[in-house]
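Throughout, a chain's letter reflects where its sequence line sits, starting with A, and its residues are numbered from 1.
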Protein chains: 2
Amino acid sequence: MPTISKQEKFLAAALQLFHEKGFKGTTMKDIAEAMNFEVANVYNYIESKQALLEGSLFSISKQFHTGIDFILASTYAPIDQLRELIRLHIRLSVQYPYEIALHTNEWRNLGAETRQQFVQERSEYEQKVATILERGITDGSLRQMDLGIATQAVLSAVRWLYRWCTDNQGQFNPIELEKQLMEFVIGGIANSAHPSMDDKRAE
Amino acid sequence: MPTISKQEKFLAAALQLFHEKGFKGTTMKDIAEAMNFEVANVYNYIESKQALLEGSLFSISKQFHTGIDFILASTYAPIDQLRELIRLHIRLSVQYPYEIALHTNEWRNLGAETRQQFVQERSEYEQKVATILERGITDGSLRQMDLGIATQAVLSAVRWLYRWCTDNQGQFNPIELEKQLMEFVIGGIANSAHPSMDDKRAE
DNA sequence: GTCTATAATTCGATAGAC
DNA sequence: GTCTATCGAATTATAGAC
């Protein structure tokens, strides 16, 4: 049985509260109560509320960048890089759902400087996703689409995963989730021999 | 030229600030400065900060429910109801991007009672979307999928639209956006197999 | 590490004059 | 409708004893 340090318990409690009440809606008092001690003790575990936000936010950002960089540097064909991208998002969503919730919802609360850096990193990540899609469109494995729309559509398709994990705490099959989502995304932008969007329905 | 009342200007200024800085991150002073008057005057336009949040939130929630209720009550086939659902989301995202941003991101800041009502309404909306998908799966026009996953995937595919509208202020073609997104979503979950009755996928 | 006490600031909201 | 002035409460963070 893995020993969970009080540090880790503190971080988990804070992240869960941020998820439930939002970053600004969560007070140091809330966290202290979750830890069963007084407010002042919070500062034994963190430097400041802002530092806690920044640490978690950029930590998960780095995880995503590291993951997609490996994918981009691989010899997989573009459509299989896209599969790997989806797998990456599922894996991280299962492992760090509350960090991703923070990353998705609370970046607006960063200070002016760090916020700029965050937006920069997020923009670069989207650019890397777009690169995968662009290569797929070029080699014909992905359907012709507006690259910006395709990028947002793909990222949106995986952006809800963290909530699936926090809501159904382990009460789901990640393998099946992966399969279903793969089918949804790939089937959506893969260049199918079946032009099902050319709507000819029989009535 | 449409006359814009100061009330409307106030609401627009507040919503934009909520979008940029978050609800709790926006102070009455921020709004007052955007309106070029002092803080106390804010309360000539609203009852309270909470009331402003609740009003906008439930207003847009009602719009979505009204829209999907018409779709559900129509005689469209399920797959075309899905098309209409996507059109509904695009239309509302173009018309009320900042209200939808609030609805998506700031519902956690509702009071305990109103928050419960919000979650209830959102859950009912998801249920209505699931109904459309379920009918489509039943009649064979949509691929066999886990209904919960399919519902989240479809809703996620349209959830980023408001940001597309706020970021590219009118600098985009809504018709083309609609076409592209349609192709992505419909192509993703439409049954690409033969339009016959075999609903069991052979792998 | 935990406590009590408190500093320093901010914020939502109201009162009342003009 | 707009202003000045202000109240009361909440919040982040620190000081210092145990």
- Output yes when a side-chain donor or acceptor of Q180(A) lies under 3.5 Å from a complementary backbone atom of D146(B), and no otherwise. yes
- Please determine if R87(B) and E178(B) form a salt bridge, counting it only when a charged side-chain N lies under 4.0 Å from a carboxylate O. yes
- Message: In this structure, how many angstroms lie between the C1' atom of dT11(D) and the CG atom of N109(A), rounded?
- Response: 15 Å
- Task: Scan side-chain atoms only and decide if Y162(B) and D167(B) contain a donor-acceptor pair under the 3.5 Å cut-off.
- Result: no
- Message: For DNA chain C, which residues of residues 46-54 of chain B approach it to below 4.0 angstrom with any heavy atom?
- Response: S48(B), K49(B)
- Query: Do K49(B)'s NZ or CZ and the ring of F23(B) fall within the cation-pi criteria of under 6.0 Å and 45°?
  - Reply: yes
- Message: I'd like to know if the side chain of T131(A) and the backbone of Q127(A) have a donor-acceptor N/O pair within less than 3.5 Å.
- Response: yes
- Query: Any salt bridge between K179(B) and E183(B), counting N to O under 4.0 Å?
  - Reply: yes
- Item | Pair Q117(A), E113(A): side-chain N/O donor-acceptor within cut-off below 3.5 Å | no
- Query: Could you state the OH-C1' distance from Y43(B) to dG16(C), rounded to the nearest angstrom?
  - Reply: 17 Å
- Does W107(B) have R122(B) sitting over its ring (NZ/CZ under 6.0 Å from centre, angle to axis within 45°)? yes
Using the 3.5 Å cut-off, write out each protein N or O paired with an N or O of nucleotides 2-5 of chain D and the distance between them.
| from | atom 1 | to | atom 2 | distance (Å) |
| --- | --- | --- | --- | --- |
| dT2(D) | OP1 | K6(B) | NZ | 2.6 |
| dT2(D) | OP2 | Y45(B) | OH | 2.9 |
| dC3(D) | OP2 | E38(B) | N | 2.6 |
| dC3(D) | OP2 | N41(B) | ND2 | 2.2 |

- Interatomic distance, K29(A) NZ vs dA10(D) C1' [rounded to whole Å]: 10 Å
- Note on the structure: To the nearest angstrom, the CE-C1' distance between M28(B) and dT14(C) comes to 15 Å
